[in-house]
Amino acid sequence: MQTLAIIGSQWGDEGKGKITDLLGAKCDVVVRYQGGNNAGHTIVVDKKKIVLHIIPSGILHPHTTSIIAHGVVFDPDAFKAELADTQKAGINLSFNNLKISENCSVITSYHKLLDQQRESQGPERIGTTGKGIGPCYEDKVARKAIKIKDLFNKETLKSRLQKNLIEKETLFKHLYHSSFPSIEDETSRLFELGKMVRPFACDTFSFLSECISNNKKILFEGAQGVLLDIDYGSYPFVTSSNTSFGGIHTGAGLMGRPVDEVLGITKAYTTRVGEGPFPTELHSEIGKKIQKIGNEFGATTGRIRRCGWLDLPLLHYSIKASNLTSLALTKVDVLSGLSELKICHAYRYRGETIDCAWPGIDMNEVEPIYTDMTPFHDTFKNGVLSTELTSYIKMIEDSLQIPVSIIAYGPERSEIIFTGARNFFLK
Ligand code: GDP
Ligand code: IMO
Ligand code: MG
């Protein structure tokens, strides 16, 4: 296996950071290709926790090169803070182990301000992270984004910021009635930050292409999850990038090589942060219990994650939308010891029974149909799974027709079982 993609198969926070860190140990290059610092990827090693937002989750391995590719929206301020945090954690980053595409679109103060004003005053809250992700991608598509390479020339930067602000100024002044930084201040701020980013900036496309030609082992690290994809997700309650498999092609490039394995990271239940429909959401005590045991708080904003039963019609859809080849089932330990256990195997939708969602399905209208599963009480101490947990996993595999290749039962690197269904990065 030369190339592996890690994709969140639900609404994000499935445990992608842990799995990327673990499998990153076996590869040469880890690539982030979409999203920005809306992501929060947690890695726990020997009880020490590190949360990464923009820097790829492969950086804990000194032999691995991390790439932030051109599809990422990049906040230099957030990068500066994360660089300091990683340095404090004893990780040294230089151009040798971290390369940032000079073609990433830059998140400016105006984007963050617009995101926050819309969320507090706009007609419909999405429940965004407030990091300016949506407004930055809007500018990219509108062909007026600031690129990282623009940060290195003050005059270019100023003129691009001027063009960028012209419409937003009207919104700040007359719609949101909010103050905003002057062009001069924003130019100086970004120009100074640009000096810090410059040593890492390069043409990551050619670097990646060379790595692929030289048969290096590459891991593509997705952020968010398929159900937050701008095209495949539960629109409009989504993020603004292609979080599914297609994002790799547009956000990094594959240079003629197929992806050998597309691993869908899947929580053993379902969670969601922010607004939007959630068919299997639990409003009962059991939902609160899962939230508490699973410590379901957002790694980026600290918000409570809504919790619900595992939803197979949505997973079935994510598998199709992202060409998933196997699943990593995470947080199974959280379900251990519950008094009841259910899996949603189908929906009632407009008079019909369906077992797979599609783009644009109205998730407010679906009625989940559940299978009662026998609760399990595993301690995971001796590596043997109970027959009840084995049945839970078999139900998933049989319904979705895809193997579960990894089972995670705790936040630590070591709390993991490889089922033998796939040999990651072993020739
Ligand atoms: P990501 O955004 O997909 O990388 O996931 P997050 O880091 O936002 O959230 C996953 C949380 O679950 C983190 O706090 C992880 O440390 C934790 N975690 C990951 N795998 C497991 C697991 O198998 N069991 C438990 N209990 N926690 C896990
Ligand atoms: P990771 O990579 C969970 C959600 C937000 C909101 C919506 C849009 O850690 O899995 P945005 O700020 O992107 O415009 O917000 O998307 N969201 C996430 N939810 N995990 C994430 O990332 C998320 N990134 C964005 O809560 O509902
Ligand atoms: Mg997260």
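Just so you know, ligand 1 is whichever comes first in the structure, and atom 1 is the first atom listed for that ligand. Position 1 is the first residue of the sequence, and the numbers go up from there.
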Proximal atoms of ligand 1 relative to Tyr409 (non-hydrogen, under 4.0 Å): 23 (O), 24 (N)
Aromatic ring centroids of Trp11 and Phe237 under 6.0 Å? no
Please say whether Gly40 places an N or O atom under 3.5 Å from an N or O atom belonging to ligand 1. yes
Partner of Glu138 by salt bridge (charged side-chain N to carboxylate O under 4.0 Å, His left out), out of Arg143, Lys168, Arg118: Arg118
Pick one of side chain, backbone, both or neither for how Asp333 approaches ligand 1, counting any non-hydrogen atom pair under 4.0 Å. side chain
Determine, for Glu412 against Lys48, whether the closest basic-nitrogen to carboxylate-oxygen distance falls under 4.0 angstrom. no
Any idea which atoms of ligand 1 are less than 4.0 Å away from a heavy-atom of Gly17? 4 (O)
Strictly under 4.0 Å, does any heavy atom of Gly410 approach an atom of ligand 1? yes
With heavy atoms of Ala408 as the reference, note each atom of ligand 1 found under 4.0 Å away. 23 (O)
Assign the ring pair His70 / Phe205 to parallel, tilted or perpendicular, where the plane angle (0 to 90°) is split at 30° and 60°. tilted
Angle between ring planes, Tyr110 versus Phe172, binned at 30° and 60°: parallel, tilted or perpendicular? tilted
Would you say the ring centers of Phe95 and Phe200 fall short of 6.0 Å from each other? no
When you measure from the centre of the six-membered ring of Phe418, is the NZ or CZ of Lys26 closer than 6.0 Å and no more than 45° off the axis? yes
Tell me: protein heavy atom nearest atom 27 (N) of ligand 1, and distance? Lys331 CE, 3.4 Å
Ligand 1 versus Lys16, non-hydrogen atoms closer than 4.0 Å: side chain, backbone, both, neither? both
Could you list all the side chain to side chain donor-acceptor pair (under 3.5 Å) pairs where at least one residue sits in residues 85-104, not counting sequence neighbours? Asn103-Lys149
Which protein non-hydrogen atom lies closest to atom 18 (N) of ligand 1, naming both residue and atom, and how far is it? Pro411 CA, 4.0 Å
What residue and heavy atom of the protein are closest to atom 7 (O) of ligand 1, and at what distance? Thr42 OG1, 2.6 Å
Any chance you could measure Ile67, atom CD1, to Ile100, atom CD1, to the nearest 0.5 Å? 11.0 Å
Flag yes if more than 12 heavy atoms outside Tyr176 fall under 6.0 Å of its OH atom; otherwise flag no. yes
When rounded to the nearest 0.5 angstrom, what distance separates NZ in Lys144 from CG in Asp139? 5.5 Å
Using a strict cut-off of 4.0 Å, indicate which atoms of ligand 1 neighbour a heavy atom of Gly15. 1 (P), 3 (O), 4 (O), 5 (O)
Sub-4.0 Å heavy-atom environment of ligand 2, residues by chain: Trp11, Gly12, Asp13, Lys16, Asn38, Ala39, Gly40, His41, Ile126, Gly127, Thr128, Thr129, Ala223, Gln224, Leu228, Val238, Thr239, Val273, Gly274, Arg303
Looking at atom 9 (O) of ligand 1, what's its closest protein heavy atom, distance included? Arg305 NH2, 3.5 Å
Please check whether Lys18 reaches ligand 1 - meaning an N/O of the residue sits under 3.5 Å from an N/O of the ligand, judged on distance alone. no
Starting from atom 10 (C) of ligand 1, locate the nearest protein heavy atom and write down its residue, its atom name and how far away it is, to 0.1 Å. Asp13 O, 3.8 Å
Between Lys173 and Glu169, is there a salt bridge with N-O shorter than 4.0 Å? yes
N, O or S atoms of the protein lying under 2.8 Å from the Mg ion (ligand 3): Asp13 OD1, Gly40 O
salt_bridge(Glu296, Arg303) N-O dist < 4.0 Å: no
Tell me whether the rings of Tyr232 and Tyr317 are parallel (<30°), tilted (30 to 60°) or perpendicular (>60°). perpendicular
Side chain, backbone, both or neither: which applies to Glu221 and ligand 1 if a contact is any heavy-atom pair less than 4.0 Å apart? neither
For Glu14, which residues count as a salt bridge (Lys or Arg N to Asp or Glu O under 4.0 Å) partner, sequence neighbours excluded? Lys16
NZ/NE/NH1/NH2 to OD/OE distance under 4.0 Å, Glu397 and Lys394: no
Salt bridge present between Lys131 and Asp115 (N-O < 4.0 angstrom): no
